[in-house]
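The next block holds one structure in the form of structure tokens; read it before the comments.
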Amino acid sequence: MTQASFESFSLDTTEIISLTELAQCCGMSPAELDELVDYNALVPLTSLPERAFSAHWVTPMRTAAKLRLDFDLDLFTVAMLLEKLIQIELLERQVQALQALVPAHLRQT
């Protein structure tokens, strides 16, 4: 799979990505991703024969992997960080949805 294919996963979160592809995409090993699954920080769609994930994991996993390298974090800390990244993403979407309800003439620029 090419880097361009990985880039498209972050745009189309309805895609399914294998454990191996996610590992290549975020720069972590499959064993490390398995450990994140064991911590319940990373949730697979399927387990057999190989774990598969929603492509929505690509962006937060890339961010978590980058922060792991930047700050020399262990996998347990990455698991906690990943949970917070997902919460932040959810809150950002909620704020955008609420902002969309505000009439245009009342929005701050």
| message | I'd like to check the salt bridge (charged side-chain N to carboxylate O under 4.0 Å, His left out) partners of Glu89; sequence neighbours left out, ordered by chain and number. | response | Arg93
| task | Supply the atom-to-atom distance Phe76 CZ to Leu36 CG, rounded to the nearest 0.5 angstrom. | result | 11.0 Å
| query | Has the side chain of Gln24 got a donor or acceptor atom that lies under 3.5 Å from a matching backbone atom of Glu21? | reply | no
| message | Glu50: which residues meet the side chain to side chain contact (heavy atoms under 4.5 Å, CB included) condition with it, sequence neighbours left out? | response | Ser18, Leu19, Thr20
| Where is the tightest heavy-atom contact between Cys26 and Leu33, given as atom of each residue plus distance? | SG-CD2, 4.2 Å
| field | Side-chain donor/acceptor of Thr63 to backbone N/O of Thr59, under 3.5 Å | value | yes
| query | Where do Ile16 and Ala52 come nearest, in terms of heavy atoms and distance? | reply | CG2-CB, 3.6 Å
| field | Qualifying residue for side chain to side chain contact (heavy atoms under 4.5 Å, CB included) with Phe53, from Val37, Val43, Leu45 | value | Val37
| query | For Ile88, what are the other residues in its hydrophobic cluster, where any two members join if their side-chain heavy atoms are less than 4.5 angstrom apart? | reply | none
| said: Does Glu32 form a side chain to side chain contact (heavy atoms under 4.5 Å, CB included) with Val78? I'd like the steps, not just the answer. | reply: CA-CA 10 Å; Glu32 291 169 328; Val78 171; over 6 Å; no
| Rest of the hydrophobic cluster containing Leu101 (Ile/Leu/Val/Met/Phe/Trp/Tyr, side-chain heavy atoms under 4.5 Å)? | Leu98
| remark: Closest non-hydrogen contact found for Ser29 with Ala23 is C-CB, 4.0 Å
| note | Across all chains, not counting sequence neighbours, the side-chain hydrogen bond (donor to acceptor under 3.5 Å, both in side chains) partners of Asp70 are Lys66
| request: Supply the atom-to-atom distance Leu75 CG to Asp34 CG, rounded to the nearest 0.5 angstrom. | output: 11.0 Å
| query | For the atom pair CD (Glu83) and CE (Met80), what is the distance rounded to the nearest 0.5 Å? | reply | 9.0 Å
| Excluding sequence neighbours, so at least two apart, what forms salt bridge (charged side-chain N to carboxylate O under 4.0 Å, His left out) with Glu35? | none
| message | Working note: Met28 + Leu22, criterion side chain to side chain contact (heavy atoms under 4.5 Å, CB included); need CA distance, chi angles, decisive distance, verdict. | response | CA-CA 8 Å; Met28 297 176 80; Leu22 184 58; over 6 Å; no
| query | Which residue pairs satisfy the ring pair (Phe, Tyr, Trp, His ring centres under 6.0 Å) criterion with at least one member in residues 85-104, sequence neighbours excluded? | reply | none
| message | Tell me every residue that passes salt bridge (charged side-chain N to carboxylate O under 4.0 Å, His left out) with Asp38, counting only those two or more places apart in sequence or in another chain. | response | none
| request: Assess whether side chain to side chain contact (heavy atoms under 4.5 Å, CB included) is satisfied between Glu15 and Val58, documenting all intermediate values. | output: CA-CA 11 Å; Glu15 291 286 329; Val58 171; over 6 Å; no
| Hey, are the side chains of Arg62 and Cys25 touching, using non-hydrogen atoms and a 4.5 Å cut-off? | yes
| What are the two closest heavy atoms between Ile86 and Pro60, and how far apart are they? | CD1-CG, 3.6 Å
| said: Could you report the tightest heavy-atom contact between Arg107 and Ala100, atom names first, then the distance? | reply: NH2-O, 3.4 Å
| query | Would you say the side chain of Trp57 lies within less than 4.5 Å of the side chain of Leu82, judging by non-hydrogen atoms? | reply | yes
| said: If hydrophobic clusters are built from ILVMFWY residues whose side chains come within less than 4.5 Å, do Phe71 and Leu81 share one? | reply: yes
| Sequence-distant partners of Gln87, side-chain hydrogen bond (donor to acceptor under 3.5 Å, both in side chains), two or more places apart | Lys84
| said: Taking side-chain hydrogen bond (donor to acceptor under 3.5 Å, both in side chains) as the definition, give me every residue that meets it alongside Thr46, ordered by chain and number, with sequence neighbours left out. | reply: none
| message | With salt bridge (Lys or Arg N to Asp or Glu O under 4.0 Å) as the rule and sequence neighbours excluded, what pairs involving residues 71-82 come up? | response | none
| said: Running the 4.5 Å side-chain criterion over Ile, Leu, Val, Met, Phe, Trp and Tyr, what cluster does Leu106 land in, apart from itself? | reply: Val102
| message | Between Ile17 and Ser54, is the side chain to side chain contact (heavy atoms under 4.5 Å, CB included) condition met? List the steps. | response | CA-CA 6 Å; Ile17 184 170; Ser54 166; over 6 Å; no
